[in-house]
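Here is the structure we will look at.
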Amino acid sequence: MQFRQVQGMHDILPEQVGRWQRLEATFRRVVEAHAFSELRTPLVEPTALFVRSIGDATDIVEKEMFVLEREGESLALRPEGTASAARAFVEHAVHAREPVTRWYYLGAMFRAERPQRGRQRQFHQAGCEVYGDPGPWVDAELMELVLTFLREAGCPELELHVSSLGGPETRARYRDALVAHLTPRAAALSETSQRRLATNPLRVLDSKDPADQAVVAGAPSLLDLLEGDDRAHWDELLASLDSLGVPYVVDPALVRGLDYYTRTLFEVRSSAGGLGAQNTLVGGGRYDAMIGELGGPPVPAIGFALGLERLLLATEGAPAPTGRPRCFVAPLGARARREALGLARELRASGAVVEVDTRGGSLKSLLRRADSLGSRLCLVLGDGELDRGVVQVKDLASHERADVPRGALVEDVRRRLAGAPGSPE
RNA sequence: GUGGGUGUAGCUCAGUGGUAGAGCACUGGAUUGUGGCUCCAGGUGUCGCGGGUUCAAUUCCCGUCACUCACCCCA
């Protein structure tokens, strides 16, 4: 009986891990430069947390959560990161310690959807959350951060979409206006849209169904209804983006599938090949009411999340990162193999990356192995070298060979590796 | 949940009603301790699984499972 990876969940083999590490390092560097600190939360939360924050009429909560029932309590594998971070923010009363909190996270999320290109059941997101700043300037800063990161990650062909849902009052007014517009035309809507008209009318807006789009085309735009502070927030956000020189598309049809958003909403899409139908790289927005709804103080918040797998798909063509230069130790015979282990220890202590052959084989096969590993150096250690107290250092790139006395070996290797491509220096 | 596509060596795939191949990869060798190129040699497959038709099925039919792409929705 062989076992397989669970549907929609994938191993990431070492040959791919280099790209992941580089991406994660880039993300950390950019967000830390923006003064964000890392938050780590459990992968499992009370199911009710997600129901409360994401919304009970959303697809995520309705059908996509991995739920574990355990001794009367219902737990769920986190489908996204914002709810957990908000829970942690409230639970630790972080608002009482600092006026503004800037957190970032990186990790696995779980949604029981049908997998396809750019969509998995276990996937990875990186995201940022800011608590305690009502915006709109921080909203613009976050978008700038996202685009800076994507650019540094080597992601091409980006499009930033922005919109605003307004505050609760505007949203309620718009909801009424939309329902008033759609209800007489309900017969022309698709089945799911008819259902959503009752449960979550805003979601009808981003239906891809052609019939729905025709009906929606004549609907009023929420952006036109923005008034007062909502309008000022929106205008100032756009002015800030203009001032930053960040290109964007105002997209009134942008309606995120999570219920908790208020005012600012944004999304980054890419037309990069390799992405397939799932071309949304980043989704984010403001959720000023959530902290209060989770039992915390009325602290405004905004955040975004980006999908690492999708980003990797979008940057597929980029060259894989090269690891640190390696050194291969090729001992010939039992005596040399014994000696080689200590040699390798010394070299590693000096910072080198060393693989030592412990299996035996002809020198030819060992050199072949050293070469296929991409080693920079091969240290040949046979009876002749042992008797003379030297090690033959072979440079695989230049073919140069040199007998180096044991005592000078570590320094010699360090010097040679330092000049090699991929070395930290 | 719905629809399409695909399941043959480790990987990418070809192929035929008479129990199967290529390339890559891997291992060894091309005069005894010097790799990358080239050449030679070598091994492996329940042809996804179950059933049916047939003298005979990997090849035809049915079912099933898996993977995959798309819809829905989302990162």
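Proteins come first, then strands; the chains are lettered A, B, ... in the order of their sequence lines, and each starts at number 1. From a predicted model like this one, the values you see are computed outputs, not experimental measurements.
- Between A:Glu144 and A:His34, the side chains place a donor N or O and an acceptor N or O closer than 3.5 Å (distance only, hydrogens not considered).
- For the pair A:Thr262 (side chain) and A:Asp288 (backbone), a donor-acceptor distance under 3.5 Å is present.
- Scanning residues 384-398 of chain A for heavy-atom distances under 4.0 Å to RNA chain B yields A:Gly384, A:Glu385, A:Gln392, A:Lys394, A:Leu396.
- Among the protein residues, A:Arg369 comes within range of no part of the nucleic acid, since none of its heavy atoms lies under 4.0 Å from any strand.
- The 12-atom threshold is not exceeded at CZ of A:Arg52, counting heavy atoms of other residues, nucleotides or ligands nearer than 6.0 Å.
- Between A:Gln116 and B:U68 there is no side-chain polar atom (N or O) within less than 4.0 angstrom of OP1 or OP2.
- On a pure distance criterion of 3.5 Å, a polar donor-acceptor pair joins the side chain of A:Arg114 and the base of B:U2.
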Base-pair map of RNA chain B as dot-bracket, where | denotes pairing with a different strand and pairs are Watson-Crick or G-U under 3.5 Å: (((((((..((((.......)))).(((((.......))))).....(((((.......))))))))))))....
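- Residue contacts shown for A:Asp383 include a base, since a base heavy atom lies under 4.0 Å away.
- For CZ of A:Arg345, the number of neighbouring non-hydrogen atoms (other residues, nucleotides, ligands) closer than 6.0 Å is 12 at most.
- Using a 4.0 Å heavy-atom distance criterion, A:Ser372 is classed as making no nucleic acid contact.
- Contact check, A:Arg111 against B:C74: no side-chain N or O comes under 4.0 Å of OP1 or OP2.
- If you check every strand for non-hydrogen atoms under 4.0 Å, A:Gly127 touches nothing.
- Base engagement by A:Gln278 is indicated by at least one non-hydrogen atom pair under 4.0 Å involving a base atom.
- Aromatic ring centres of A:Tyr287 and A:Tyr260: separated by under 6.0 Å.
- Using a 4.0 Å heavy-atom criterion, one finds that A:Ala277 contacts the sugar-phosphate atoms exclusively.
- Taking atom C1' on both B:U19 and B:U54, the two are 15 Å apart, rounded to the nearest angstrom.
- Checked by atom type, the side-chain pair A:Glu32/A:Tyr104 shows a donor-acceptor distance below 3.5 Å.
- One can find a donor-acceptor pair under 3.5 Å joining the base of B:C74 and the side-chain atoms of A:Arg310.
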